[in-house]
2 protein chains.
Amino acid sequence: MAQAIPFRQASPLKASCHQCSLSNLCLPLAIEENDLDRLEDIIQQGRIFNRGEHIFDQSTPFRSCFAVKSGSIKTSIITEGGEEQVTGFFMPGELVGLDSMSSENYACTARALERTSVCEFPVDKLEELTGKLPDLQHHMYHLMSQEIQNSHQLAMLLSKNTAEERIAALLLSLSSRFQRRRMSPTNFSLPMARNDIANFLGLAVETVSRVFTRFQNQGIIKARGREVELLDVEALQLVTREFSRQSHP
Amino acid sequence: MAQAIPFRQASPLKASCHQCSLSNLCLPLAIEENDLDRLEDIIQQGRIFNRGEHIFDQSTPFRSCFAVKSGSIKTSIITEGGEEQVTGFFMPGELVGLDSMSSENYACTARALERTSVCEFPVDKLEELTGKLPDLQHHMYHLMSQEIQNSHQLAMLLSKNTAEERIAALLLSLSSRFQRRRMSPTNFSLPMARNDIANFLGLAVETVSRVFTRFQNQGIIKARGREVELLDVEALQLVTREFSRQSHP
DNA sequence: CATCCAATTTGATCCATATCAACAATGTAC
DNA sequence: GTACATTGTTGATATGGATCAAATTGGATG
């Protein structure tokens, strides 16, 4: 299975975006070849996290954003009462921590859903660099704005769509993100548990489970545990649009 | 009633952040006195919009962000099916359009909820300026990250909280935003219709109406139309926390 | 391999809120 | 001021998904 682990350089501490297979998805995509060194200079090679380990914790001092190199990460907010709300899933090439850039402390907790490696971008250095590289600054605005849009999209899903529509939307989102990485868009394994899906989509675990089996019975997907095969992508897309079409015939 | 209309300058087209009563809330707050001119230079004095008029439209070319000077704005996404999802309300001193910075076109539609005046910041010039003023760049990151957090907060409200909790949270949010502007935090008039509140919070209008009257019967608020008085702020805060406390005794 | 604990699935019941249906109030145009 | 449209309120009923309960599967550990 395609993993995004870059070749080792002579210097073990310096990242090598040049060789990283994700350079066309990650921050480097915004940067000209000859400026890439300046980005590499500020990257701290992050360590490897095992499943369940925290990359960072809510309410601890915010220092860095992290790019996922391999594996996957879930972010969540813990309320005063101890309730967890999953706010996002992050896959290789995606940047985690942008929601914390307004605060002294991390606004959420990030933990590895599986064995996961990351690149660390200390914010002070990152901000300094984006001040010098307009393209990189532009890309940061782009990413953050994208994250706002994603979150609005989620809010919309939560407030207006049925359980089936929410789950179809999630499956399609994962699908396209696997595709971006040149992996199969129809045959993948979910990095997260049903529980996380439920929490993220504002549903009960039982409901998620039921919808999965319903989709399976309809021949739209095949699911055994976390292994998923999308048998009928068009049907899934139809499900996500069902709602809006019905209410405006 | 305190309005944020700045004094007119000799040059009618140049904004005068120096005299604007919102300069401690708006972009200028991040800028040193002597750099303020550079910000003023890129601002286009926006025109006045009447209630219902569009400041910008989803899917038209994205050119500018807008700061609310007086009045208020609601942003919403229209789905393919024509469904509207209200994504936010913006009051004086707040910046509208950050969610569009990743796209060629505006990601949402912004319309005036009442007679509203704005300052316009063309993005190309704004990006150029933030590249030169690190503090301003930092502030932009701050604002965008804040918007991500707000949206996560909304998603959380939508997925985990009851109708009463959602409405209490909205009232408190408005309250603190009025307070920031040195207006009464307990006595204000809602800029938006019940319908918009319902849409924003993922509820039916009828439910919003019922909760308002329930709060009123409990003596927590007094509401006549859009005029609202918060009689018992602590009770409201208690409502928003009710949920998390109950589930973790 | 046996044991244990966590994750998933399935079934039965209940409830918060949507929906449907009037009606009242408020605002707006003539 | 009257008429019409929009917005808000209140009541009755229906329902999607939560919750409670229990069985099943799967993965980890010794």
Side-chain angles (χ1 to χ4, degrees), chain A residues 50-52 74 83-86 111 113-115 157-168 170 189-218 221-228 239 242-243 246-249, chain B residues 50-52 74 83-86 111 113-115 157-168 170 189-218 221-228 239 242-243 246-249:
Chain A
N50 286 317
R51 169 212 270 243
K74 100 174 170 197
E83 281 288 311
E84 180 182 20
Q85 164 75 26
V86 175
R111 49 160 86 196
L113 286 167
E114 55 194 312
R115 206 172 157 73
L157 216 54
L158 292 172
S159 85
K160 299 239 187 317
N161 293 57
T162 65
E164 293 199 354
E165 289 157 359
R166 297 181 206 183
I167 290 173
L170 177 63
S189 111
L190 300 169
M192 73 296 277
R194 297 283 188 278
N195 215 336
D196 293 326
I197 295 180
N199 188 309
F200 179 63
L201 295 177
L203 299 169
V205 206
E206 293 94 324
T207 305
V208 174
S209 184
R210 275 186 253 270
V211 171
F212 266 85
T213 51
R214 213 177 305 156
F215 281 168
Q216 190 148 222
N217 292 338
Q218 295 169 350
I221 67 171
K222 206 167 89 185
R224 238 180 23 270
R226 293 189 177 191
E227 293 305 319
V228 173
V239 171
E242 204 70 17
F243 170 75
Q246 279 181 355
S247 32
H248 293 266
Chain B
N50 286 316
R51 169 211 270 244
K74 98 172 172 200
E83 280 288 310
E84 180 182 20
Q85 163 74 30
V86 176
R111 50 160 85 197
L113 286 168
E114 55 195 311
R115 207 171 157 72
L157 216 55
L158 292 172
S159 86
K160 299 240 188 315
N161 292 53
T162 66
E164 293 199 353
E165 289 156 0
R166 297 182 206 184
I167 290 174
L170 177 63
S189 109
L190 300 170
M192 73 295 278
R194 298 283 189 276
N195 216 335
D196 293 326
I197 295 179
N199 187 309
F200 179 63
L201 295 177
L203 299 168
V205 205
E206 294 93 327
T207 306
V208 173
S209 186
R210 274 185 253 270
V211 171
F212 267 84
T213 50
R214 212 177 305 155
F215 280 168
Q216 190 149 222
N217 293 338
Q218 295 168 352
I221 68 171
K222 203 168 90 185
R224 237 180 20 271
R226 294 191 177 190
E227 294 304 320
V228 174
V239 171
E242 206 67 19
F243 169 75
Q246 279 180 356
S247 32
H248 292 265

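Below, read A as the first sequence line, B as the second, and so on, with proteins coming before strands; counting in each chain starts at 1.
- Taking atom CD of B/Glu227 as the reference point, atom C1' of C/dG27 lies 15 Å away to the nearest angstrom.
- Under the 4.0 Å criterion applied to side-chain N and carboxylate O atoms, B/Glu114 and B/Arg226 are not assigned as salt-bridge partners.
- Heavy-atom minimum distance, A/Ser189 versus A/Glu227: CB-OE2, 3.0 Å.
- At whole-Å resolution of the value, CG in A/Asn217 and P in C/dT9 are 12 Å apart.
- Here the CD-CZ distance, from A/Gln216 to A/Arg224, works out to 9.0 Å after rounding to the nearest 0.5 Å.
- One interatomic measurement links the two molecules: CG of B/Asn199 to P of C/dT19, which rounds to 12 Å at whole-angstrom precision.
- Atoms CG (B/Leu158) and P (C/dA16) sit 19 Å apart, rounded to a whole Å.
- Here the rule is side chain to side chain contact (heavy atoms under 4.5 Å, CB included) with A/Arg194, and of A/Leu203, A/Val205, A/Thr207 only A/Val205 fits it.
- Note: CE (A/Met192) to C1' (C/dA6) measures 18 Å, nearest angstrom.
- Between the CD atom of B/Glu165 and the P atom of C/dA16 there is a distance of 12 Å, rounded to whole Å.
- A salt bridge between B/Arg214 and B/Glu164 is present, with a side-chain N of the basic residue lying under 4.0 Å from a carboxylate O of the acidic one.
- Side-chain atoms of A/Asn199 come within 3.5 Å of backbone N or O of A/Glu84 as a donor-acceptor pair.
- Between the CD1 atom of B/Ile197 and the P atom of D/dG8 there is a distance of 8 Å, given to the nearest Å.
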query: Which parts of nucleotides 17-30 of chain D does protein reach within less than 4.0 Å, heavy atoms only, written one letter per nucleotide 5' to 3' as B for base, S for sugar-phosphate only and - for none?
result: SSBB----------
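- Rounded to whole Å, the distance from CG on A/Leu190 to P on C/dA7 is 15 Å.
- Look at B/Thr213 and you'll find a side-chain N or O under 4.0 angstrom from OP1 or OP2 of D/dT10.
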